[in-house]
There are 2 protein chains.
Amino acid sequence: MTPPVPPSARSTSKGRHRATIADVARMAEVAPMTVSRVLTGAAAVRPDKVKRIQEAIQLLRYKPNETARALRSQRSRIIGLIVPRLSDPFFATIAHAVNNVAVDNGYSVLITTSNDEEETEYSQAQLMVLRGVEGIVIIPGAGYHSKLNRQEFEHICLVALDKPIDEPSIDSVFVENFEGSRTAVEHLIGHGHQRITCISDASDLYTLSKRQQGYEQAMMEHDLKINTITDCTAERASDRIRQLMQSKYAPTAIFTTNGPATRNVLHTLLQLGVKLPDDLALIGFDDFEFADMLQTSLTVIRQPASEMGRIAALRLFEQIQDDIEPHIGKVITLPVELVIRRSCGCKPRPSTTPRKPRASSR
Amino acid sequence: MTPPVPPSARSTSKGRHRATIADVARMAEVAPMTVSRVLTGAAAVRPDKVKRIQEAIQLLRYKPNETARALRSQRSRIIGLIVPRLSDPFFATIAHAVNNVAVDNGYSVLITTSNDEEETEYSQAQLMVLRGVEGIVIIPGAGYHSKLNRQEFEHICLVALDKPIDEPSIDSVFVENFEGSRTAVEHLIGHGHQRITCISDASDLYTLSKRQQGYEQAMMEHDLKINTITDCTAERASDRIRQLMQSKYAPTAIFTTNGPATRNVLHTLLQLGVKLPDDLALIGFDDFEFADMLQTSLTVIRQPASEMGRIAALRLFEQIQDDIEPHIGKVITLPVELVIRRSCGCKPRPSTTPRKPRASSR
DNA sequence: CTGTTAGCGCCTTCAC
DNA sequence: GTGAAGGCGCTAACAG
């Protein structure tokens, strides 16, 4: 039982062409327009014709060509998503959530990674527009001002995530970087610490500086001396931390402002044989898998990664569906959560199952 | 200095329409076709006209509509990528690499997550075809036979990654699941272990069974008794491991066959207060961030995630560019690597920097 | 080298 | 209810 070959079939190196709406119309003996109406439900069609058309669709295995639809209707049903790196679980989790929302809305996602490169981000965003995406969710890369504030993006739906684009009218979704950091540092202060150092890894200026500000606020409110290290990259971490721990103002607690900084610091502390939380207390911004299974389980500020992606995508679809002038400048800020484990000095609660790190969405 | 408005400009709720090739042709006083030739370089055009055309392009900020191009030329310059979950760092790292290859080839990536659901995977793959993707890289979901072996995918370029699609003619990229597992188990045997249990989490049948076979092979070659647990899910892990460790055949070493299994086992061992590697040795299949910073750093089999994505995408582009009948059934198998840390019982090498977990590509 | 014609597959518009 | 004409923006095919 070989399937019937569409009348318009031609053989190419890639095989037969798929059936078109004209093929269906011919087989059902109606006009292409009538088939279109059955497909889209745009207008009523006599039941007997509907039946003939549906039979033809079945027989020919007809499926509408979405590219042609997009060209004709100027609606691609595709959104774009730009992230710095997918190899970062935080961004990847956000991407997962964005995709789920898109699928729920009948949309597909065109994704790209900027690799934190200004030009890549810009050219890929442009390309997405040329491909007709109806909107873009972007996590701007670190270390530059995104060019997506340019005039050419003026009329396309846009939601910035995690960090802002330098243009006040763009909708944005952030977390409480300042408040979360202040909470974390206050927690350390509550444990009696006075010498607390804030350590960043010199990447993302926006989130890191907000978190540093939260640290500074907490310190100032308690009349404590501020000590911030901002260049604790993978290469320099070891030297900087050794130096810090050997200085006469060695801290009794550390607050790290993002995942990489936490990782770099932890690594060096392990090498130095520093025991958490006895020799030193530590709280990091951003949770990660296995944070609860380290030598000393880590107390962290958890960002709602999945929720961030979900909210950003939902906001994008609001823009798309309302058909509004997109750039309202709505800012949504999501709360973060202090997840208390052992590294801050808290005692483990005996009868409670340990807090699991970030769960995947769905 | 406001930019000139294209002659065809109309205002809509989303702002002006962008300039078309006809606008450029009009301004440069040539035929649209000539503009097209300048754009694509398909044929030579007289220098003076080229200049006029390029000026017009600049002035009108003309950019070609890629949807129209795709429709006309039947080449979307888009590939599809289907992964079970992006929240899994292994898949996300692969996705990152696939995207990089795509961008290098001037292509974009339409991504979707199947959430390990047969129907989602199938319908999303279909949708991608309707959107005109020139090929698909797919990581099939666990727990079912992918429907992408259906006739309707017969003529589209396809590369399966990590696990096979039940159709021998589809190109595939795997890792050495069997060999890697045998190596790991032999390593444990080399440490003198005789009672080694193999633990899986009841997810992906293909990779897990290959890895179990590798374990069994190593055990049989050394006349050791095989003991395989296949249902060590997050819910049951705790009971199963307790039970195992208290039985009179309690193992002296464990081999876990994937990341989740490793995680589940580790978690329970921590709760039970089992010390690695003294009370029990452990090797897990699949490396992860922080594997080197756990209570006892973990010895693992590392999969070349980034390389897997890169190779799969390259193979897809070979299919696309060669314009061959796609389904050759080429199988590429990548080697894995035993990363020795502490949990297997090896002594740390003093003067060496610890092996870092999976690095991100680029 | 350049322009004309035609049409990719679909849907908006307007007759009937 | 239904169909014919036309065009979304672009380029293949063919003249010249």
Side-chain angles (χ1 to χ4, degrees), chain A residues 6-10 12 14 16-53 56-57 60-77 129-132 134, chain B residues 6-10 12 14 16-53 56-57 60-77 129-132 134:
Chain A
S8 73
R10 279 147 296 178
T12 75
K14 294 282 182 186
R16 310 190 194 297
H17 274 231
R18 42 176 60 255
T20 72
I21 206 168
D23 298 324
V24 175
R26 216 168 298 137
M27 177 175 272
E29 297 179 304
V30 293
M33 202 44 235
T34 309
V35 179
S36 175
R37 284 196 261 260
V38 170
L39 255 39
T40 61
V45 174
R46 269 219 312 269
D48 58 322
K49 294 198 175 178
V50 172
K51 185 151 176 280
R52 286 200 332 255
I53 288 168
I57 287 173
L60 297 173
R61 300 179 189 289
Y62 169 78
K63 297 279 167 41
N65 178 322
E66 294 295 338
T67 306
R69 279 187 160 175
L71 178 62
R72 182 66 248 233
S73 66
Q74 307 286 26
R75 298 199 58 200
S76 62
R77 301 200 154 265
V129 173
L130 302 183
R131 292 202 189 283
E134 293 182 36
Chain B
S8 73
R10 280 146 293 177
T12 75
K14 294 280 182 185
R16 308 191 196 298
H17 275 230
R18 40 176 61 254
T20 72
I21 206 168
D23 298 324
V24 176
R26 215 167 298 137
M27 178 176 271
E29 297 178 305
V30 294
M33 201 47 231
T34 309
V35 179
S36 174
R37 285 197 260 260
V38 171
L39 254 38
T40 62
V45 173
R46 267 221 311 269
D48 59 322
K49 294 199 175 179
V50 172
K51 186 152 176 277
R52 290 205 323 261
I53 289 168
I57 287 173
L60 297 173
R61 301 179 187 288
Y62 169 78
K63 297 278 166 43
N65 178 322
E66 295 295 338
T67 305
R69 279 188 159 175
L71 179 61
R72 180 64 247 229
S73 65
Q74 307 286 27
R75 297 200 58 199
S76 62
R77 301 199 153 267
V129 173
L130 303 183
R131 292 201 189 285
E134 293 181 36

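Nothing here was measured: the structure is a model prediction, and the numbers come from that model. Protein chains get the first letters and strands the later ones, always in sequence-line order, with residue 1 at the start of each.
OP1 or OP2 of D:dG3 lies within a sub-4.0 Å distance of a side-chain N or O belonging to A:Lys49. The phosphate of D:dG9 has OP1 or OP2 within less than 4.0 Å of a side-chain N or O from A:Gln74.
No contact: A:Thr67 has no heavy atom under 4.0 Å from any strand. Nucleic acid contact for A:Ser73: none, since no nucleic acid atom lies under 4.0 Å from a heavy atom of the residue.
Taking atom CZ on B:Arg37 and atom P on D:dA15, their separation rounds to 15 Å, with Å as the unit. As rounded to whole Å, 13 Å separates atom P of D:dC10 from atom NZ of B:Lys63. C:dC10 atom C1' lies 15 Å from atom CZ of A:Arg77, rounded to whole Å. Distance CG (B:Asp23) to P (D:dG9): 9 Å, rounded to an integer number of Å. Note: CZ (A:Arg52) to P (D:dT2) measures 9 Å, nearest angstrom. As rounded to whole Å, 7 Å separates atom C1' of C:dG9 from atom OH of A:Tyr62. Rounded to whole angstrom, the span from the CD atom of B:Glu29 across to the P atom of C:dC1 amounts to 21 Å. B:Arg18 has its CZ atom 12 Å from the C1' atom of D:dG9, to the nearest Å.
Minimum heavy-atom separation, A:Arg77 to A:Glu134: N-OE2, 2.7 Å. Of all heavy-atom pairs spanning B:Thr67 and A:Arg131, the tightest one is OG1-O, 3.4 Å.
Here A:Arg26 pairs with A:Asp23 in a salt bridge; the nearest charged N to carboxylate O distance falls below 4.0 Å.
When distances run from any side-chain atom of B:Arg46 to the nucleotides C:dC1, D:dC14, D:dC10, the shortest one goes to C:dC1. Taking every side-chain heavy atom of B:Ser36 into account, D:dT11 is the closest of C:dC11, D:dT11, D:dG3. For B:Asn65, counting side-chain heavy atoms from C-beta on, the closest listed nucleotide (D:dG3, C:dG9, D:dG9) is D:dG9. In this structure, the nucleotide among C:dT2, D:dC10, D:dT2 sitting nearest to the side chain of A:Val45 is D:dT2. Closest to the side chain of B:Pro64, out of D:dG3, D:dC10, C:dG9, is D:dC10. Considering only side-chain atoms of B:Arg69, the nucleotide from D:dC10, C:dC10, D:dT2 that sits closest is D:dC10.
With DNA chain C read from its 5' end, the first of the two nearest nucleotides for B:Met33 and B:Arg72 is the one closest to B:Met33.
In this structure, the side chains of A:Leu39 and A:Arg69 come closer than 4.5 Å at one or more pairs of heavy atoms. Residues B:Ile53 and B:Val30 are in side-chain contact: their nearest non-hydrogen atoms beyond the backbone lie under 4.5 Å apart.
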